[in-house]
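Reading through the structure tokens given below for one structure.
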Amino acid sequence: MFILLFQYNQKEKEKNKIKLTKKKQKVYDKVDLFIDLLGCLILAFFIFITIKVAINFYLECKANDSPTQEIKLPIENYISGRSDLVYYHFEDKGYSLGYSNPDHLSRKNIIEHYILNIKYSKSVLDMYVIKEYNIEIK
């Protein structure tokens, strides 16, 4: 924020020093506005990321205080591509997890013969933190 105010003051000083035509002044003002808006967007992005990291860290710390639970869920779907995903339902909501398929199992084989094993802890606001997960043969 202080950087933006400093830039604004510097630009005002430069405007007073340089006498420009009205047309050039309008272009100069538009460029200034664009640079100011871009600076505000970048600053807002970094503030958002900082807050998001802090919240995630807090949720994970609270989850470490609660006991770890384990649940076995059926695999609803498996999609392979750039990123392989295993789809499952937990508490009546659908979720997906990234899964590396080192054995090159087929989609049908994974859905029919494997089960998803998840170790998780409960955090604040009914959120869950997954500690570990893998697929096992039923």
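Residues L33 and K30 have side chains not in contact (no heavy-atom distance under 4.5 Å, counting atoms from C-beta outward). I130 places none of its side-chain heavy atoms less than 4.5 Å from the side chain of E132. Considering only heavy atoms from C-beta on, E70 comes within 4.5 Å of N117 through its side chain. With a 4.5 Å cut-off on side-chain heavy atoms, I137 and Y114 count as touching. At least one side-chain heavy atom of I71 sits under 4.5 Å from a side-chain heavy atom of L73. Looking at heavy atoms from C-beta onward, R107 lies out of side-chain contact with S80 at the 4.5 angstrom threshold. Annotation: side chain of I79 is in contact with side chain of N77 (closest heavy-atom distance under 4.5 Å). Annotation: side chain of N64 is in contact with side chain of K131 (closest heavy-atom distance under 4.5 Å).
Of all the heavy atoms in L97 and I118, the pair that sits closest is CD1-CD1, 4.3 Å. Between S121 and S66, the closest heavy-atom pair is CB-OG, 3.6 Å. Contact record, V129 with L59: CG2-O, 4.0 Å, taken as the closest heavy-atom pair. The two residues F90 and Y95 come nearest to each other via the heavy atoms O-CE1, 3.5 Å. Shortest non-hydrogen contact noted between E112 and K138 is O-NZ, 3.2 Å.
Distance check, rounded to the nearest 0.5 Å: CD1 of I135 to CG of D103 gives 8.0 Å. With values rounded to the nearest 0.5 angstrom, S123 atom OG is found 10.0 Å from N56 atom CG. Annotation: the span from K122 atom NZ to L125 atom CG amounts to 10.0 Å, rounded to 0.5 Å. Note that NE2 of H89 and CD1 of I75 are 13.5 Å apart. Values are rounded to the nearest 0.5 Å. We find the CG-OG distance between N101 and S106 to be 9.0 Å, quoted to the nearest 0.5 Å.
For CD of E60, the number of neighbouring non-hydrogen atoms (other residues, nucleotides, ligands) closer than 6.0 Å is 12 at most.
Placement of I51 and M127 within a single hydrophobic cluster is found when ILVMFWY residues are connected by side-chain heavy-atom separations under 4.5 Å, directly or transitively. Both V124 and I55 belong to a common hydrophobic cluster when Ile, Leu, Val, Met, Phe, Trp and Tyr are linked at side-chain heavy-atom distances under 4.5 angstrom. The same ILVMFWY cluster, assembled from side-chain heavy atoms under 4.5 Å apart, contains both L38 and F46.
Under the 6.0 Å cut-off for aromatic ring centres, Y133 and Y99 do not qualify, their centroids lying 6.0 Å or more apart.
For the residue pair E91 / Y128, a side-chain donor-acceptor distance below 3.5 Å is found, with atom types taken as modelled. Of the N and O atoms on the side chains of E76 and Y88, not one donor lies less than 3.5 Å from an acceptor on the other residue.
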